[in-house]
Amino acid sequence: MPELPEVETIRRGLLAGDACTPSLIGQRVCAVSILWERTVAYPSLQEFANLIQGTVVSEINRKGKFLLITVDERFVIFHLRMSGDLRMRRESDEPSQHDRLILHFCSGWKLTFTDTRKFGRVWLTPDPQTVIGKLGPEPLAAELTNEIFHEMLLARSRQLKPLLMDQSFLAGLGNIYTDESLFTAGLHPLRVSSTLTKKESSDLLAAIRLVLAKGILEHGSSIDWVYRGGNFQNHFQVYQRAGESCLRCGAPIQKFRVGQRGTHICPVCQPERG
DNA sequence: CACGAGACCTGTTCGC
DNA sequence: TGCGAACAGGTCTCGT
């Protein structure tokens with residue numbers, strides 16, 4: 001599920017709650033269940049359980065694909081990786097087969113971290129920088145200007161797709177939103193970052209922001225068996241559309257591998273040479 | 001520094 | 001129908 005728009009959707013849901021679910025804010029932790037030990041990246045299982053006990057949730061923030069939940073003077077930081085999901089459930093609700101960690105609240109609700117593939121991780125730390133300190137800038141932040149972004153691209157000599165997916169370069173893009181952004185910008189995934197003109201660079205940043213904003217507006221993408229109610233999958237221009245017609249020019253969408261990741265382009269709209 | 005391969009995991013889909 | 005291979009929204013580590 002989770003790239004920036006999906007994590008942001010989860011954050012907003014936990015923050016606001018809905019008709020059937022309370023907000024995560026204000027919940028007091030009365031116990032924790034750790035069902036897959038490797039889920040806890042830091043500290044030890046024992047310390048994690050001891051330190052979180054009795055704390056109260058006061059804030060939910062996001063940086064890139066990380067979700068930061070403030071509990072008293074510390075932060076519970078989740079990374080959902082490939083298949084993680086977070087939701088509020090009643091204590092009386094049936095446990096899910098893939099629950100990996102559960103925060104039990106005094107209110108009778110619980111926050112369940114469900115993660116089929118077990119790649120997801122959680123940290124509990126007083127200093128978030130130890131976990132998210134190496135992340136690049138938020139693509140949606142106003143401080144990231146066209147000039148800065150162009151300089152960032154010129155400072156590297158890397159293929160655009162792996163560079164955009166590098167979280168230390170830019171925080172939040174994954175496979176789907178990278179492919180969609182490159183298509184929107186009309187740039188080939190293998191273009192070398194240092195060759196981009198000022199215009200191409202600002203077009204790319206605008207494309208990234210447009211695609212991410214649409215993704216958030218549609219509550220993220222719901223693919224395969226993991227369904228959260230997002231709708232962005234119905235707006236894909238190239239992702240998962242190999243062989244289908246480009247919605248802009250009609251040429252068949254191509255799929256190939258870039259750095260072990262399935263990559264989708266329109267060969268006409270995204271020529272190899274700029 | 002840049003890049004590819006392998007590892008970490010489970011579940012679904014595809015090809016024979 | 002059955003079975004193995006390939007593939008999936010991510011990231012880390014290692015070798016070249």
Side-chain angles (χ1 to χ4, degrees), chain A residues 1-11 35-42 62-67 77-86 96-101 113-123 130-136 139 152-182 189-195 208 211-212 214-216 218-243 255-264:
Chain A
M1 289 206 41
E3 297 179 41
L4 190 155
E6 289 75 30
V7 178
E8 179 63 18
T9 299
I10 290 174
R11 186 187 77 84
L35 305 164
W36 178 253
E37 299 192 348
R38 298 190 63 176
T39 298
V40 177
Y42 181 88
R62 179 191 58 72
K63 180 75 194 280
K65 302 174 192 172
F66 290 84
L67 200 65
I77 304 179
F78 283 97
H79 196 301
L80 279 38
R81 292 281 177 90
M82 292 286 265
S83 59
D85 194 6
L86 278 171
S96 151
Q97 183 190 351
H98 301 299
D99 286 346
R100 307 302 180 199
L101 183 138
F113 177 57
T114 308
D115 181 24
T116 306
R117 293 177 70 181
K118 299 179 174 174
F119 289 162
R121 293 291 179 266
V122 59
W123 296 257
T130 60
V131 179
I132 62 167
K134 289 178 180 163
L135 287 182
M152 285 165 56
L153 290 166
L154 295 185
R156 310 290 211 102
S157 258
R158 291 183 60 185
Q159 298 172 337
L160 283 179
K161 169 142 180 177
L163 182 59
L164 292 177
M165 292 181 66
D166 182 339
Q167 303 298 297
S168 68
F169 178 77
L170 196 63
L173 289 184
N175 207 36
I176 295 178
Y177 293 90
T178 299
D179 279 6
E180 293 295 316
S181 297
L182 287 169
L190 298 182
R191 261 297 283 285
V192 174
S193 60
S194 54
T195 69
I208 290 168
V211 166
L212 289 177
K214 275 187 176 173
I216 293 172
E218 298 291 341
H219 308 295
S221 312
S222 306
I223 305 184
D224 297 340
W225 71 99
V226 185
Y227 180 70
R228 278 196 67 93
N231 197 43
F232 191 63
Q233 68 279 9
N234 296 321
H235 299 267
F236 290 164
Q237 308 281 301
V238 287
Y239 187 80
Q240 281 191 339
R241 295 196 64 245
K255 180 177 180 183
F256 55 100
R257 295 245 146 216
V258 177
Q260 358 256 99
R261 308 306 300 272
T263 299
H264 313 73

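Keep in mind that the numbers below use all heavy atoms, side chains included, and drop hydrogens, waters and symmetry copies. Numbered from 1 within each chain, the chains take letters A, B, ... in sequence-line order. Given the structure is predicted, the values throughout are model-derived calculations rather than measurements.
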Please list residues of residues 163-170 of chain A whose heavy atoms come under 4.0 Å from any atom in DNA chain B, ordered by number; otherwise none. none

Anything under 30° is parallel, anything over 60° is perpendicular, the rest tilted; go ahead and classify A:Tyr177 against A:Phe232. parallel

Would one find more than 12 heavy atoms of other residues, nucleotides or ligands at under 6.0 Å from atom NE2 of A:His219? no

Would you mind classifying the nucleic acid contact of A:Lys134 as base, sugar-phosphate or nothing, using non-hydrogen atoms under 4.0 angstrom? nothing

Nearest atoms (heavy-atom pairs only) where A:Gly262 meets A:Arg257: N-NH1, 3.8 Å

Minimum heavy-atom separation for A:Gly220 to A:Gln233, with atom names? O-OE1, 4.1 Å

Give the nucleotide from the list B:dT10, C:dG9, C:dA8 with an atom nearest to the side chain of A:Arg257. C:dA8

Roughly how far apart are A:Leu135 CG and A:Ser168 OG, rounded to 0.5 Å? 8.5 Å

Quickly work out the A:Glu3 CD to C:dA8 C1' distance and round it to whole Å. 12 Å

Would you mind reading off the distance between A:Met82 atom CE and B:dT12 atom C1', rounded to a whole angstrom? 13 Å

From the list A:Asp166, A:Thr178, A:Thr263, side chain to side chain donor-acceptor pair (under 3.5 Å) partner of A:Lys161 resolves to A:Thr263

Round to a whole Å and report the spacing from OH of A:Tyr177 to C1' of C:dG9. 9 Å

Do other residues, nucleotides or ligands put more than 12 heavy atoms under 6.0 Å from A:Tyr42 OH? no

Using only side-chain N and O atoms of A:His79, determine if any of them is under 4.0 Å from OP1 or OP2 of C:dT11. yes

Return the value, rounded to whole Å, for the distance between atom CZ of A:Phe66 and atom P of C:dC12. 7 Å

In whole angstrom, give the distance that lies between atom CG of A:Asp85 and atom C1' of B:dT10. 16 Å

Phosphate OP1/OP2 of C:dG9: any A:Tyr239 side-chain N/O under 4.0 Å: yes

Using Watson-Crick pairs (N1 to N3, plus N6-O4 or O6-N4) and G-U wobble pairs, both distances under 3.5 Å, which stems of at least 3 pairs involve DNA chain B? B:2-8 with C:10-16, B:10-16 with C:2-8

So do A:Leu160 and A:Leu153 actually touch side chain to side chain, heavy atoms under 4.5 Å? yes

Taking 4.0 Å as the cut-off, does a side-chain nitrogen or oxygen of A:Lys65 come that near to OP1 or OP2 on C:dT11? yes

Closest non-hydrogen atoms of A:Ser222 and A:Gly229, given as atom of the first, atom of the second and distance, are OG-N, 3.6 Å

Between C:dA8, C:dG9, B:dG11, which nucleotide gets closest to the side-chain atoms of A:Gln97? B:dG11

Would you please confirm or rule out a distance under 4.0 Å between OP1 or OP2 of B:dG11 and any side-chain N or O of A:His98? yes

Distance between the C1' atoms of B:dC3 and C:dG9, in whole angstroms? 22 Å

Pick the C1' atom in B:dC8 and in C:dC3, then give their distance to the nearest Å. 24 Å

Is A:Gln233 close enough to C:dG9 that one of its side-chain N or O atoms is under 4.0 Å from OP1 or OP2 there? no

Which class fits the ring pair A:Phe236 and A:Tyr239: parallel under 30°, tilted 30 to 60°, perpendicular over 60°? perpendicular

A:His264 NE2 - C:dA8 P separation (whole Å): 7 Å

Expressed as a whole number of Å, how far does the C1' atom of C:dC7 sit from that of B:dG6? 16 Å

Rounding to an integer number of Å, can you tell me how far A:Lys63 NZ sits from C:dT11 P? 14 Å

Pairwise C1' distance for C:dT1 and B:dT10, with rounding to whole Å: 23 Å

In sequence, state the C-alpha distance, the side-chain angles, and the governing distance for A:Val211 and A:Ile176, and then conclude on side chain to side chain contact (heavy atoms under 4.5 Å, CB included). CA-CA 10 Å; A:Val211 166; A:Ile176 295 178; over 6 Å; no

On a heavy-atom basis, the closest approach of A:Asp179 and A:Val238 is O-CG2, 3.7 Å

Do A:Lys118 and A:His98 have side chains that approach each other closer than 4.5 Å (heavy atoms only, starting at C-beta)? no

Using a 4.0 Å cut-off on protein heavy atoms (strictly under), produce a 5'-to-3' string for nucleotides 2-8 of chain B with B for base contact, S for backbone-only sugar-phosphate contact, and - for none. SSSBB-B

Atom-pair distance (CG on A:Leu173; C1' on C:dT11), nearest Å: 15 Å

